[in-house]
There are 2 protein chains.
Amino acid sequence: MTNLLALLRSRADALSKREAAVALLVLADPQRVLRLPLDKLAAEAGVSQPTVIRFCRSLGCDGLRDFKLRLAASLAGGVPYVHADVAQGDGALAYGPKVIGAAIAALHAVRDKFDAATVERAVELLASSRQLLLFGMGGSGPVALDAQHKFVRLDCPASSTSDPLMARMMVSVMATTDLLLLVSNTGRTIPTLELAELARAGGVKILALTAPHSPLAAAATIALEIEPAEDVDLYTPMASRIAHLAMIDVLATGVALRRDTDGPARLMRVKDAVRSTRTLDR
Amino acid sequence: MTNLLALLRSRADALSKREAAVALLVLADPQRVLRLPLDKLAAEAGVSQPTVIRFCRSLGCDGLRDFKLRLAASLAGGVPYVHADVAQGDGALAYGPKVIGAAIAALHAVRDKFDAATVERAVELLASSRQLLLFGMGGSGPVALDAQHKFVRLDCPASSTSDPLMARMMVSVMATTDLLLLVSNTGRTIPTLELAELARAGGVKILALTAPHSPLAAAATIALEIEPAEDVDLYTPMASRIAHLAMIDVLATGVALRRDTDGPARLMRVKDAVRSTRTLDR
DNA sequence: GCTGGAAAGTAGCTTTTCTACACTTTTAGG
DNA sequence: CCTAAAAGTGTAGAAAAGCTACTTTCCAGC
């Protein structure tokens, strides 16, 4: 299901003269077209009713009804968050939704390219390892830390660090039943790659959350590949880091589900342990 | 323009018995409902045609036509990511998109409730402070760390910690031109609240990223409020944490734009500094 | 200028949606 | 416990919207 408006723009010249008149009307004010019935629509475009129907069919719709539904779907969310780069003059009202939109787009991309088989294997690996070491530098540091937080909640012994030296020490004493989870947006961060090498030498399995076709992806036992969305727009930093976090969520969920019998109870226990640090007064 | 499916879920109990039957049908298979005409729809739900119409009106729509258009809009993006709780038997193919969908929904919520005025003020505050201290505990720790990473990139001196004691020491020596950014999902974490108190006593301004109507929101100079989505579903942890991160992105973007003249150049410089840690081979 | 075919329009028909009104069930008050 | 109002639900038929068969118009190539 492609975006109808995008389709319309791209195929506008493949339409006949009168049909193009309808297209013009649609592009001018799509919201309005949704409310207009066939006869008014035809009148406004200066064409006959069947021409409007034919226009819909030319776009691959069943009829006007179907066309309107698809148009509504294309219009959802108000502002299309494709191609909405932040610009110099933007106020908060402009750049806020744009930045959030970029994050949403990144998540959509992850969902569309979601590779269930690989995730299953990754969860398998996570659930069966004795302990976890999480490592990420720079922007990936918080991601590793977040993952630690999640896995500890699920009763998987997990440590995280952003210090390459510390990480090397920890990896050097890891057993083959342990797992190293490496996070790197580019998959080309040298200390991370060196760490992967060290782990391989010691027979420690590696799960990588990184860019496809990167050196890190190649070095990993299992690679969860996420297309980096950086550098597209200087002002929309790190949309792909949100994608990484979402993937961590997915993994944690998978692990939680594997421990199915007492999984919920375990989570509850962790929640209870945290509760006493909260106040209830208003 | 709210999401119709979300609205339907929330107001499901305000409907009459027969109308609820229609609601059930819609929730069970929204895509199908779009294609069904009134009579079949009524038949499937086991109610009369006017009941279906009344159901639509109860939801604030003009009629069935309008209802369908809105439903189509709500469904845009393929899988309906409301009402998609992770269940025990789910495989990766099922829970993956659900978890990601929950994150997307959280971001949509942030975008819909986006308060530009407050963000403008927050950016103003951030841009004009001498230095920044970021604090968050538990799940908010990584968020604070991430924010530090972002603001340092933008040449705002920023530190972050999850250690309350350390934070207290740092706050006690902060000047009134400094800013304390507190992150707390619930807004009820006691150490965070105590830290806020300490800051207030010292005249240090507080920017809070937290739940609306929470004690922390009340204690802050400026509160960026984000509805916590936790506890709704045990297996979808921390969707609201992604919302927090997105808000950090927005703030960082705002600050970057304020430094408009040499903002891009500055960002470039940071990118260059990082580049030498990367390998290009392969 | 004629002809074949594509594009557009006319008019009427079907489907779909909606409304007016009647009946039933529930609720509140005496 | 009965009654009356109110809310909920259904029946039937009117109104609107969408669609199709067929006719007319336009245009390119012979």
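Below, chain A is the first sequence line, B the second, and so on; all start at residue 1.
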Q) Do B:Ser184 and B:Ser140 have side-chain N/O donor and acceptor atoms under 3.5 Å apart? A)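 B:Ser184 vs B:Ser140: no donor-acceptor pair found between side chains.
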Q: Indicate whether OP1 or OP2 belonging to D:dG10 is found under 4.0 Å from a side-chain N or O atom of B:Thr51.
A: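 It does, given that an N or O in the side chain of B:Thr51 lies less than 4.0 Å from OP1 or OP2 of D:dG10.
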Q.
Can you see if the side chain of B:Ser16 gets near the phosphate of D:dT9 - specifically, an N or O under 4.0 Å from OP1 or OP2?
A.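 For B:Ser16, the contact criterion (side-chain N or O under 4.0 Å from OP1 or OP2 of D:dT9) is met.
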Mind checking the [atom1]-[atom2] spacing from [X] to [Y]? Nearest 0.5 Å is all I need.
{"X": "B:Ser58", "Y": "B:Leu15", "atom1": "OG", "atom2": "CG", "value": "5.5 Å"}
{"X": "B:Leu182", "Y": "B:Thr192", "atom1": "CG", "atom2": "OG1", "value": "6.5 Å"}
{"X": "B:Ile222", "Y": "B:Leu209", "atom1": "CD1", "atom2": "CG", "value": "12.5 Å"}

Can you tell me the distance, in whole Å, between the [atom1] atom of [X] and the [atom2] atom of [N]?
{"X": "B:Leu41", "N": "C:dT16", "atom1": "CG", "atom2": "C1'", "result": "12 Å"}
{"X": "B:Glu19", "N": "D:dA7", "atom1": "CD", "atom2": "C1'", "result": "11 Å"}
{"X": "B:Arg18", "N": "D:dA7", "atom1": "CZ", "atom2": "C1'", "result": "15 Å"}

Q.
Pair B:Arg241, A:Asp146 - check salt bridge (charged side-chain N to carboxylate O under 4.0 Å, His left out), show working.
A. CA-CA 10 Å; B:Arg241 172 216 45 176; A:Asp146 180 79; 2.5 Å; yes
Q. Does A:Arg258 pair with A:Glu124 as a salt bridge, N-O distance under 4.0 Å?
A.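 Looking at A:Glu124 together with A:Arg258, the answer is yes, because their closest N to O distance falls below 4.0 Å.
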Using a cut-off of under 3.5 Å, enumerate the N/O to N/O pairs linking the protein to nucleotides 17-19 of chain C.
residue : atom : partner : partner atom : Å
C:dT17  : OP1  : B:Lys68 : NZ           : 3.3
C:dT17  : OP2  : B:Leu38 : N            : 2.3
C:dC18  : OP2  : B:Leu64 : N            : 2.9
C:dC18  : N4   : B:Gln49 : OE1          : 3.2
C:dT19  : OP2  : B:Arg57 : NH1          : 3.2
C:dT19  : OP2  : B:Arg57 : NH2          : 3.0

Q) On a plain distance test, is the side chain of A:Arg54 in donor-acceptor contact with the base of C:dG9 below 3.5 Å? A) yes
